[in-house]
Amino acid sequence: MPDALATAQRCLTELVRTIDRLEQQVGGGLEMRRVRSDTEHLRESLSLLKEAAPRARQVPRSEMVPVPDQPYDRQLWADADDEGLGARDRHAP
């Protein structure tokens, strides 16, 4: 993503230069002010995206939990239902 952000920044910089040249050719008017305003909004949005991108990419590392190979203590499951089968001492209707 950093490469894409850098590319977008370069394109935006080139857009600003092109708008400068265009303004020299057609003059400044309401339409040109609107284009400049839109360009400034793009600049602000890209800046916000650059700030948010590193946080979005940082995935918290989960801690590895070792699972022992020996069987679990049966008392842990004494009052638990078997998934999909119900409790051991009850029968399905």
Side-chain angles (χ1 to χ4, degrees):
M1 181 125 145
D3 292 337
L5 287 172
T7 301
Q9 183 62 49
R10 283 192 302 274
C11 290
L12 183 58
T13 301
E14 183 58 33
L15 177 63
V16 169
R17 285 187 205 127
T18 304
I19 290 171
D20 289 342
R21 290 189 301 266
L22 182 63
E23 187 173 21
Q24 290 173 357
Q25 293 174 4
V26 299
L30 177 62
E31 295 83 7
M32 188 54 67
R33 285 195 309 256
R34 185 172 183 174
V35 169
R36 289 237 179 248
S37 175
D38 290 345
T39 306
E40 188 56 37
H41 287 146
L42 280 172
R43 185 187 315 266
E44 291 171 5
S45 296
L46 187 58
S47 176
L48 290 172
L49 183 59
K50 286 169 88 174
E51 290 175 12
R55 286 192 301 260
R57 296 201 67 202
Q58 292 176 351
V59 177
R61 290 185 168 215
S62 55
E63 184 179 324
M64 259 218 206
V65 178
V67 178
D69 289 332
Q70 64 266 20
Y72 288 109
D73 181 7
R74 288 191 170 271
Q75 290 302 319
L76 290 173
W77 312 109
D79 60 346
D81 291 342
D82 288 333
E83 186 174 327
L85 300 176
R88 289 189 185 109
D89 59 343
R90 286 181 265 159
H91 300 305

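From a predicted model like this one, the values you see are computed outputs, not experimental measurements.
- Residues Leu30 and Val35 fall into different hydrophobic clusters, defined by Ile, Leu, Val, Met, Phe, Trp and Tyr side chains chained together at heavy-atom separations under 4.5 Å.
- You'll find the side chain of His41 reaches within 4.5 Å of the side chain of Ser37, heavy atoms only.
- Inspection of the Thr13 and Arg10 side chains reveals no N or O donor paired with an N or O acceptor under 3.5 Å.
- In the hydrophobic clustering of this structure, Tyr72 does not group with Val65; members are Ile, Leu, Val, Met, Phe, Trp, Tyr whose side-chain heavy atoms approach within less than 4.5 Å, directly or through other members.
- Of the candidates Leu15, Leu48, Leu12, Arg43 forms a side chain to side chain contact (heavy atoms under 4.5 Å, CB included) with just one, namely Leu12.
- Expressed to the nearest 0.5 Å, how far CG of Leu46 lies from CD of Glu51 amounts to 10.5 Å.
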Evaluate the salt bridge (charged side-chain N to carboxylate O under 4.0 Å, His left out) criterion for residues Glu31 and Arg34: first the C-alpha distance (whole Å), next the side-chain angles of each, then the deciding distance (0.1 Å), finally the verdict.
CA-CA 5 Å; Glu31 295 83 7; Arg34 185 172 183 174; over 6 Å; no
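- Going from atom CD of Glu14 over to atom CD1 of Ile19 covers 10.5 Å, rounded to the nearest 0.5 Å.
- Of the possible polar contacts, one joining the Thr7 side chain to the Asp3 backbone as a donor-acceptor pair under 3.5 Å is found.
- Interatomic distance, Arg33 CZ to Glu40 CD, rounded to the nearest 0.5 Å: 15.5 Å.
- Between Arg36 and Val16, the shortest heavy-atom distance links the atoms NH1-O, 4.5 Å.
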